[in-house]
Amino acid sequence: MERTLSIIKPDAVKKQVIGKILDRFESNGLKIAAMKKLQLSKEQAEKFYEVHKDRPFYGDLVKFMISGPVVVSVLEGDNAVLKNRELMGATNPKEAKPGTIRADFAENIDANAVHGSDSLENAKIEINFFFKDSEIS
């Protein structure tokens, strides 16, 4: 049983599609093992995305991620990382397959509705960033 992290980004929270996105996870065999809605501080967003700090989009990404509340969740299931990435669709919603979260709810490559861990190793790091073991069931 794998675990992965999902973030419903500020654009999707603002559009009030949290429930629709969570339903995609549950309807496709992923259990929501933990979830919280929060407002990231600039420091939290910088630390979470520090892997991208030398990339040209880093500053805009941090600014976007602190522009409104996010919903972070731990998803659990068989092949959770891959399944979540398939459900999300391509990073650029214009390239995302119809029926994926990004194709249905994202505005553009910057406001692309969701984040998901890209590997099991990163999933563990990202989950630990937001959740204590006692918060995950």
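As a basis for the values below, the full set of heavy atoms in this structure was taken, side chains included, without hydrogen atoms, waters or symmetry mates.
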Review point. Ser27 side chain to Asp23 main-chain N or O, any donor-acceptor pair under 3.5 Å?
Key: yes
Practice item. Say whether, by atom type as modelled, one donor and one acceptor occur between the side chain of Arg102 and the main chain of Val114 under 3.5 angstrom. Key: yes
Point to revise | Heavy-atom neighbours of Lys36 NZ exceed 12 at 6.0 Å | key: yes
Review point. Is it true that Glu43 and Lys47 make a salt bridge, defined as a side-chain N closer than 4.0 Å to a carboxylate O?
Key: no
Point to revise | Partners passing side chain to side chain contact (heavy atoms under 4.5 Å, CB included) against Phe57 (at least two apart in sequence or in another chain) | key: His52, Arg55, Leu61
Review point. With no hydrogens and no angle check, is any side-chain donor or acceptor of Glu76 less than 3.5 Å from a backbone partner on Glu2?
Key: no
Practice item. Answer yes or no: is there an ion pair linking Lys53 with Glu46, defined by an N-O contact shorter than 4.0 Å? Key: no
Check your understanding: For Asn112 and Lys9, does a side-chain donor sit closer than 3.5 Å to a side-chain acceptor?
Key -> yes
Check your understanding: When you look at NZ of Lys63, are more than 12 heavy atoms from neighbouring residues, nucleotides or ligands closer to it than 6.0 Å?
Key -> no
Revision key, fill the gap. For Lys124, the salt bridge (charged side-chain N to carboxylate O under 4.0 Å, His left out) test, sequence neighbours excluded, returns none
Practice item. Mind checking ring pair (Phe, Tyr, Trp, His ring centres under 6.0 Å) for Phe25 and listing every partner two or more places apart, or none if nothing turns up? Key: none
Practice item. Answer yes or no: is there an ion pair linking Asp104 with Lys20, defined by an N-O contact shorter than 4.0 Å? Key: no
Check your understanding: Would you call the rings of Tyr49 and His115 parallel, tilted or perpendicular, where under 30° means parallel and over 60° means perpendicular?
Key -> perpendicular
